[in-house]
Each structure stands twice: as C-alpha cells, then as structure tokens.
Amino acid sequence: MVRPMESDSGARLERLSGMLKRRGFILPAFEIHGGSKGLYDFGPNGGRLRNRVNQLWLEHWTSMGNVTEISCPTITPYEVLEASGHVGEFSDYMTSCISCDEVSRADTLLEEFHPNPDSLSKLELQSLLEKSAPQCPACGTNKWSTIISQNLMFSTRIGAGNSGREGFLRPETAQGMFTSFPALYRHFREKLPFGAVQIGKGYRNEISPRQGMIRLREFNMAEMEYFIDPEAPLNHDYTQWSGLQMVMLSEDKGELSITIAEAVDSGIIRHGTVGLFMAKTYDFLVNVGIDKSRIRFRQHETNEMAHYATDCWDAEIHGSYGWVECVGIAHRGCYDLQSHENYTGKTLRARREFPEPKEVIIDGWTIEGSVAGPAFRSQAGQVKDAVEKLPSDTQFPCEIILDKEVVVVDSSHVKRLQRTDLITGEWFIPHVVEPAFGIDRIIWHILDHAYQEIEKQDESYTVMRLNPDVVPVDYAVFPLFEKNGMQEIAQKVSNILNSKRGVVAIYDSSGSIGRRYARADEIGIPICVTIDHQSLDDDSVTLRQRDTGEQKRVQILDL
RNA sequence: GCGAGUGUAGUGUAGUGGUUAUCACCGGGCGUUGCCAACGCCUGAACCCGGGUUCGAGUCCCGGCGCCCGCACCA
C-alpha cells in the first residue's frame with residue numbers, strides 16, 4: 001500500500017535519489033541507452049551493501065540449525081509454473097474499450113453477470129463478454145475488443161528453434177525449493193521441520209513499474225520454505241520477544257500493539273510458526289538498520305490472499321513512499337507440494353510414525369490370480385479391487401458390478417485373505433510456511449532511514465547513519481597531507497585494514513580533510529582513520545566516529 | 001494500458017527561434033593550510049533519441065524512450 005507523499009518529503013526524496021546515484025548506491029540501469037523502466041543497477045557502494053544484507057539474511061535463517069541454503073535456476077520450464085498455478089494465476093485476461101481504449105480486466109467487468117468470473121476460461125469469458133456487453137467504466141459504451149491474455153511472467157524458449165521448449169524466468173524463487181523437496185528431505189535425515197533458503201533474482205513483467213526501487217521487473221528475492229508437519233505440536237519459545245510490542249493490523253481486530261505470544265495465543269496470528277517468523281523478521285529488519293518505529297505487520301484480507309496462501313502477514317516499512325510491503329510471511333498449506341505431486345505423479349511427502357503401531361486386521365477375499373486372470377482378462381484388475389471390498393461373509397458365486405457390465409465371480413476365482421498388518425506410520429504432504437523478502441525494497445528503506453540531513457555550521461550536511469554491519473566501506477584512511485611520509489603510513493594502514501577478511505577500507509587524499517570527512521559521511525563510513533604529524537613520531541593515528549565526530553588516538557598496531 | 005506533467009555536465013539549475021549554452025556544487029591536477037564541505041590557479045563535463053517546421057531549433061510541432069503523478073493493474 002502506497003500513500004501519496006507530502007511535498008517537502010518529495011523534495012527530500014529527490015535529494016536522496018540524487019545522492020544515491022551520485023555516490024554509486026543505486027542507479028538506473030543501461031542509462032546511456034535510454035534506460036529501461038523497472039531495472040536498476042547497484043553501483044560500487046550499493047553492490048557491496050546488497051551483498052552484506054544478503055549475507056546477514058542467510059546467516060539469520062541458517063542459524064536456526066535446521067535450515068540450509070540452495071540455489072536454483074532462474075530459467076524455469078513451462079510445466080513447473082503450470083503445476084504451481086502461475087501460468088493460470090499470473091495471467092490476466094484483458095480487453096480494451098473500442099471507443100476510448102481503456103483497458104480492463106475481463107473478469108472484473110463480468111462480475112455482475114457471473115458468480116465467479118475468475119474461474120472462467122478465456123473462451124467462456126469471451127462469449128460472456130459478448131453476450132452481456134458490460135459498460136466501460138471510463139466512457140460508458142459497451143463495445144469491447146477480443147480478450148487477450150496478459151501474463152506477468154517473462155517467457156522464453158529453452159533451446160534453439162523448433163526443438164526449443166517453452167519456459168519462463170521465475171517469478172519467485174520458491175518453486176525450485178518445492179521441486180527439490182525430495183533432496184531436502186533426505187538431506188535432513190527425513191525429519192521435519194526443516195527449511196531451505198534461497199537468495200536470487202525473480203522476474204515479473206510488471207505492467208507499470210513505479211517508484212524507483214519499489215516495483216521492479218527484475219528484483220532480488222530472499223525466501224525460505226519451512227516444511228512442517230501440520231499435526232505436530234508446536235513448542236516455539238517466544239520469551240525473547242516478551243518485551244516487544246509489535247504493531248499489527250489484523251483482519252478481524254484492526255490495529256493492535258501486542259506481543260507475538262499474545263497474538264499467537266489469541267488466534268490473531270493463525271499459526272505459531274507464522275508468529276515465530278514474524279518476530280524473527282522484525283529482528284532481521286532492525287539488525288540491518290530499519291527504524292523499529294516504522295515497522296508494522298499487516299494481515300491479508302481473506303479475499304486478497306495469493307492463490308496459494310491460507311494466512312499471510314506482510315511486514316510493512318514506512319518510508320518516502322508511505323507504507324510499503326517488504327516481506328510476506330505466508331502459510332501456504334500443502335498447496336505447492338500437492339500441486340507438483342498431482343502434476344508429476346511423484347511423491348512429495350514426509351512420513352509420520354504413529355506413537356503406537358496400529359494393528360489392522362484384514363479378513364476378506366482376494367482373487368486367485370491363476371484362475372481369475374485368464375477368466376476375466378483385461379477386467380481382472382477391476383475384479384480384484386471389487387472382490388477385496390467384499391465383506392468376509394460373502395457367498396460365492398456372486399455378481400459384481402463393474403463400470404459397464406456385471407460379471408459373475410464364483411468360488412474358484414477367489415481365495416480367503418486373512419492377515420494382520422502392523423501400520424507404524426503414514427505419509428503426508430508437509431505444510432509450508434514461507435517468509436519472502438523483497439531485498440530491494442528493504443535496501444531502499446535501509447538507505448531511506450539512514451539518510452539524514454543535518455545542519456552543520458549553518459549549512460545542510462548529509463550523513464548516512466547506516467548500521468556498521470551493512471556499510472559498503474568500513475574505514476576511510478586519510479593522510480592529513482601527502483608529504484613528510486604521511487602518505488606512506490596511510491597507504492600502509494589502508495593495506496593492513498584491507499587485508500583483514502571482510503573489511504573494506506578506502507584511501508583518500510584528495511581535497512581538504514573536512515571535505516574528505518564529508519564524503520565519508522555521505523556514504524556512511526563509520527570510522528575515518530587520519531594520519532597526522534604525530535603519527536610520524538609515535539605510530540599513532542586518530543579515529544573519528546561518523547555519528548559523533550569524536551576522535552580518539554590509537555596505536556596503528558591496535559587497529 | 002489510459003491521461004497529465006517533465007527531460008540541459010556526476011548533481012542541482014539558467015536559458016523569450018539567432019554569439020563559443022548560464023551558474024553553483026562536483027570530479028581531476030598543482031600549490032597552500034596542523035583535523036570537519038577553507039583558499040588560489042589550471043582543468044574536465046550536458047541540451048534523452050528520431051523525424052518535422054525554419055535561413056537558423058536546447059527553445060515550436062509529431063513520434064519514441066526515460067522519470068514523476070493520477071486512474072487502472074499488481075504481492
């Protein structure tokens with residue numbers, strides 16, 4: 001949900017966007033060729049920031065211990081997305097008004113003429129459209145063009161020419177994790193619950209990308225599919241969040257400020273694992289530098305839920321574009337595994353052992369294969385099924401009704417079947433809880449919340465107060481002057497810092513020292529290291545804090 | 001997709017059909033300065049793309065593309 005912005009926040013947004021472009025955080029892609037809507041580059045600073053956010057995200061979930069990372073192709077065969085429902089559900093049937101060209105969804109136009117137009121095929125919609133001739137909402141006339149289907153997935157061909165196979169660029173990373181379920185199940189020693197995470201690109205050919213990074217055609221997604229036994233008792237421990245009042249907009253009770261435990265106990269959150277992931281999502285967002293007062297969770301209305309979901313909460317973040325959904329935590333039930341199982345005939349199930357094995361006494365009849373086989377030939381299989389359903393006191397010969405005819409089974413065709421089976425468990429389709437993160441939207445809000453315009457000596461001054469865990473550069477090293485050997489020391493310090501694993505330092509000697517501090521502040525470097533005259537005498541340097549401007553002197557060896 | 005607005009150096013801008021396209025910040029070099037966008041000199045860098053009107057187009061017209069807003073669409 002996006003709200004219109006006020007005009008001075010619009011001006012701030014323009015200054016922020018300009019700075020992000022100038023400093024190489026995010027910029028329009030392919031700009032020298034005119035650019036393309038909905039496609040952005042992460043520049044030299046943005047690229048590293050994104051990588052750090054991704055890394056923190058992975059560690060956040062894999063630290064649960066039963067979560068593993070996988071990576072699946074973005075190119076996806078047609079059948080996969082047909083099975084998942086995306087070919088059907090990601091398509092909209094569009095028609096345009098002959099007189100004013102207004103484009104409308106055919107099913108929306110036909111709502112008053114059919115109880116559920118969403119369920120109709122393209123041909124059925126076409127004939128209903130012609131028969132009922134709804135008014136154009138824009139101009140009031142009622143002549144419509146032929147319905148065309150608009151799919152929001154990028155289609156492609158896998159392989160060359162006529163031998164190529166239809167495919168799409170994936171609209172979400174999730175499907176690969178469902179289709180890999182058998183391998184994941186084995187990897188986790190066939191024990192639920194477990195999860196798979198994946199970070200990667202997703203593609204949606206949006207009709208109208210808007211608002212910079214908020215709606216993209218190619219975007220960075222980070223999703224976890226967490227597979228659970230729907231009948232296993234939950235024993236999630238929410239005590240670490242017992243002091244945290246979260247803002248929730250629930251479907252039934254409106255806006256609440258409530259702890260996770262209360263929301264789960266009272267049934268506002270319909271599943272405990274959804275609640276757990278909401279709390280963990282909150283932690284993640286705060287850890288990467290999102291302002292905690294600008295996070296809320298909104299429950300989907302039953303009628304806005306995606307085709308696969310049974311309960312869904314969005315984490316929304318407030319920023320320059322209003323409240324924007326950045327994470328969706330959906331209970332997908334068994335929808336996905338069931339769909340792929342139905343489509344492929346493969347088993348995508350987990351086994352649940354009973355606490356006590358169950359004895360099942362079978363006392364009935366089955367066929368004597370060597371006699372009934374030749375007697376009933378191709379119908380023998382049907383006869384067998386029918387005979388096995390007969391009660392144990394059946395008298396033969398007896399008549400059995402098959403699909404189209406009646407056959408007589410006599411005693412030579414059958415034999416008694418008596419045994420006791422011990423059933424120790426059963427196979428079931430796991431349920432899935434999926435936290436799905438829009439990394440680009442989160443990064444946008446990290447930048448938006450970190451961006452601060454302050455007054456410094458009557459001038460406006462920009463600081464990115466980024467969380468040190470996501471900053472693109474950890475240290476800036478400045479020689480106060482490039483003479484008397486200061487630059488050699490500075491270069492050495494820069495090399496020492498850069499050689500540490502995961503640490504990025506830049507060396508900057510151009511401009512006055514104040515200008516260099518200002519540049520460092522603008523990309524959010526937390527610590528500036530300055531080499532001055534005293535460094536020449538005693539191997540000490542000054543460390544200057546980004547947020548306070550405070551300096552302290554330390555030995556180079558202690559860095 | 002429809003409609004409105006808009007597009008000039010890296011950024012923000014000035015530019016009423018007629019000089020070498022304005023200014024500031026910015027970037028680079030040199031000098032200078034004992035630490036918070038200092039100063040001096042030198043220097044770099046732009047009219048979104050394609051048609052048209054015109055002697056002449058950054059300026060007017062048409063189309064495309066991008067950005068932004070509204071509607072529609074969308075998780």
Side-chain angles (χ1 to χ4, degrees), chain A residues 1-2 4-5 7 10-11 13-15 17-24 27-39 43 89-90 92 94-97 100-105 108 136-139 145 148 150 152 171-172 202 204-212 214-215 217 219 221 298 300 304-309 312 314 316 321 324-328 330 436 438 441 456-463 478-484 486 510-522 528-535 541-546 548-551 553:
Chain A
M1 180 171 295
V2 173
M5 53 203 153
S7 61
L13 175 58
E14 280 178 28
R15 292 192 296 274
S17 302
M19 187 281 286
L20 293 175
K21 188 175 174 189
R22 183 158 34 85
R23 292 299 182 196
L27 7 108
F30 313 122
E31 204 182 14
I32 63 168
H33 287 283
S36 182
K37 257 185 186 178
L39 301 177
E89 293 290 335
F90 256 55
D92 290 326
M94 311 295 287
T95 180
S96 53
C97 173
C100 77
D101 281 338
E102 175 80 7
V103 174
S104 299
R105 276 178 62 164
T108 310
C136 171
C139 73
S145 72
I148 53 160
Q150 168 122 25
L152 296 178
E172 58 176 16
R204 293 179 193 177
N205 201 357
E206 295 287 351
I207 293 169
S208 176
R210 282 287 164 77
Q211 296 166 316
I214 302 297
R215 184 173 299 162
R217 290 198 164 120
F219 50 100
M221 316 179 82
R298 191 177 69 83
H300 284 205
E304 72 173 318
M305 219 103 67
H307 64 278
Y308 45 74
C312 187
D314 282 339
E316 298 186 329
Y321 296 106
V324 174
E325 63 229 52
C326 294
V327 184
R441 289 181 173 188
K456 194 162 176 178
Q457 273 134 32
D458 289 338
E459 282 189 64
S460 95
Y461 188 91
T462 301
V463 195
F478 305 146
L480 194 55
F481 308 109
E482 275 198 306
K483 61 183 184 188
N484 303 338
M486 283 184 223
S510 76
S512 71
I513 190 72
R515 176 180 300 284
R516 283 178 270 166
Y517 286 142
R519 272 197 291 246
D521 286 341
E522 201 169 47
C528 295
V529 182
T530 302
I531 284 73
D532 58 16
H533 290 95
Q534 191 180 333
S535 309
V541 294
T542 65
L543 298 187
R544 179 256 192 196
Q545 302 284 332
R546 176 191 68 197
T548 60
E550 281 170 18
Q551 295 191 30
R553 184 162 281 279

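Computed from a prediction, not measured in an experiment: that's the story for all the values here. Reminder, nothing fancy here: chain letters follow the sequence lines and each chain counts from 1.
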Nucleotide nearest [X] (side chain, heavy atoms from C-beta), chosen from [options]:
X	options	result
Ile513(A)	rC35(B), rC36(B), rC69(B)	rC35(B)
Gln211(A)	rC69(B), rC36(B), rA75(B)	rC69(B)
Ala518(A)	rU33(B), rA37(B), rC35(B)	rA37(B)

Considering only the [atom1] atoms, how many Å lie between [N] and [M], rounded to the nearest integer?
N	M	atom1	result
rA9(B)	rU43(B)	C1'	14 Å
rG58(B)	rU8(B)	P	15 Å
rC23(B)	rC55(B)	C1'	32 Å
rU33(B)	rA38(B)	C1'	8 Å
rA57(B)	rC49(B)	P	15 Å
rC41(B)	rC36(B)	C1'	25 Å
rU32(B)	rC68(B)	C1'	46 Å
rG18(B)	rG56(B)	C1'	7 Å

Heavy atoms under 4.0 Å, any strand shown: does [X] hit a base, just sugar-phosphate, or nothing?
X	result
Arg544(A)	base
Arg519(A)	sugar-phosphate
Thr542(A)	base
Lys21(A)	sugar-phosphate
Glu14(A)	nothing
Gly212(A)	sugar-phosphate
Phe481(A)	base
Gly35(A)	sugar-phosphate

Task: Pairing partner of rG40(B) (Watson-Crick or G-U wobble, both distances under 3.5 Å) - done: rC30(B)

Task: Nucleotide forming a Watson-Crick or wobble pair with rU54(B), both distances under 3.5 Å - done: none

Whole Å only: how far is the [atom1] atom of [X] from the [atom2] atom of [N]?
X	N	atom1	atom2	answer
Arg298(A)	rA75(B)	CZ	C1'	10 Å
Lys483(A)	rG31(B)	NZ	P	9 Å
Arg23(A)	rG10(B)	CZ	C1'	10 Å
Glu522(A)	rG10(B)	CD	C1'	12 Å
Glu482(A)	rG31(B)	CD	C1'	13 Å
Met221(A)	rA75(B)	CE	P	12 Å
Leu152(A)	rC73(B)	CG	P	13 Å
Leu39(A)	rG66(B)	CG	P	10 Å

Test item: [X] and [Y] side chains (from C-beta on) under 4.5 Å apart, heavy atoms:
X	Y	answer
Arg544(A)	Thr530(A)	no
Glu482(A)	Ser510(A)	no
Cys528(A)	Gln551(A)	no
Asp532(A)	Arg553(A)	yes

On the nucleotide [N], are OP1 or OP2 found under 4.0 Å from the side-chain N or O atoms that [X] carries?
X	N	result
Ser510(A)	rG28(B)	yes
Thr530(A)	rC35(B)	no
Arg22(A)	rC25(B)	no
Lys37(A)	rC65(B)	no

Strictly distance-based, threshold 3.5 Å: is any side-chain N or O of [X] a donor or acceptor partner for the main-chain N or O of [Y]?
X	Y	value
Ser17(A)	Glu14(A)	no
Arg217(A)	Asn205(A)	no
Arg204(A)	Pro171(A)	yes

Open item on the list: Please compare Pro28(A) and Arg204(A) by the position of their nearest nucleotide in RNA chain B and report the one closer to 5'.
Closed with: Pro28(A)

- [ ] Tell me which of Arg215(A) and Glu31(A) sits closer to the 5' end of RNA chain B, going by the nucleotide each one is nearest to.
- [x] Glu31(A)

Open item on the list: Is it the case that the side chains of Arg23(A) and Thr462(A) hold a donor-acceptor pair, with the cut-off being a distance below 3.5 Å and no angle test?
Closed with: no

Return the polar atom pairs (N/O with N/O) between nucleotides 41-47 of chain B and the protein under 3.5 Å, or none.
none

TODO: Look up atom CZ in Arg215(A) and atom OH in Tyr321(A), then write down how far apart they are to the nearest 0.5 Å.
DONE: 12.0 Å

- [ ] Walk me through it: do Leu13(A) and Gln211(A) pass the test side chain to side chain contact (heavy atoms under 4.5 Å, CB included)?
- [x] CA-CA 11 Å; Leu13(A) 175 58; Gln211(A) 296 166 316; over 6 Å; no

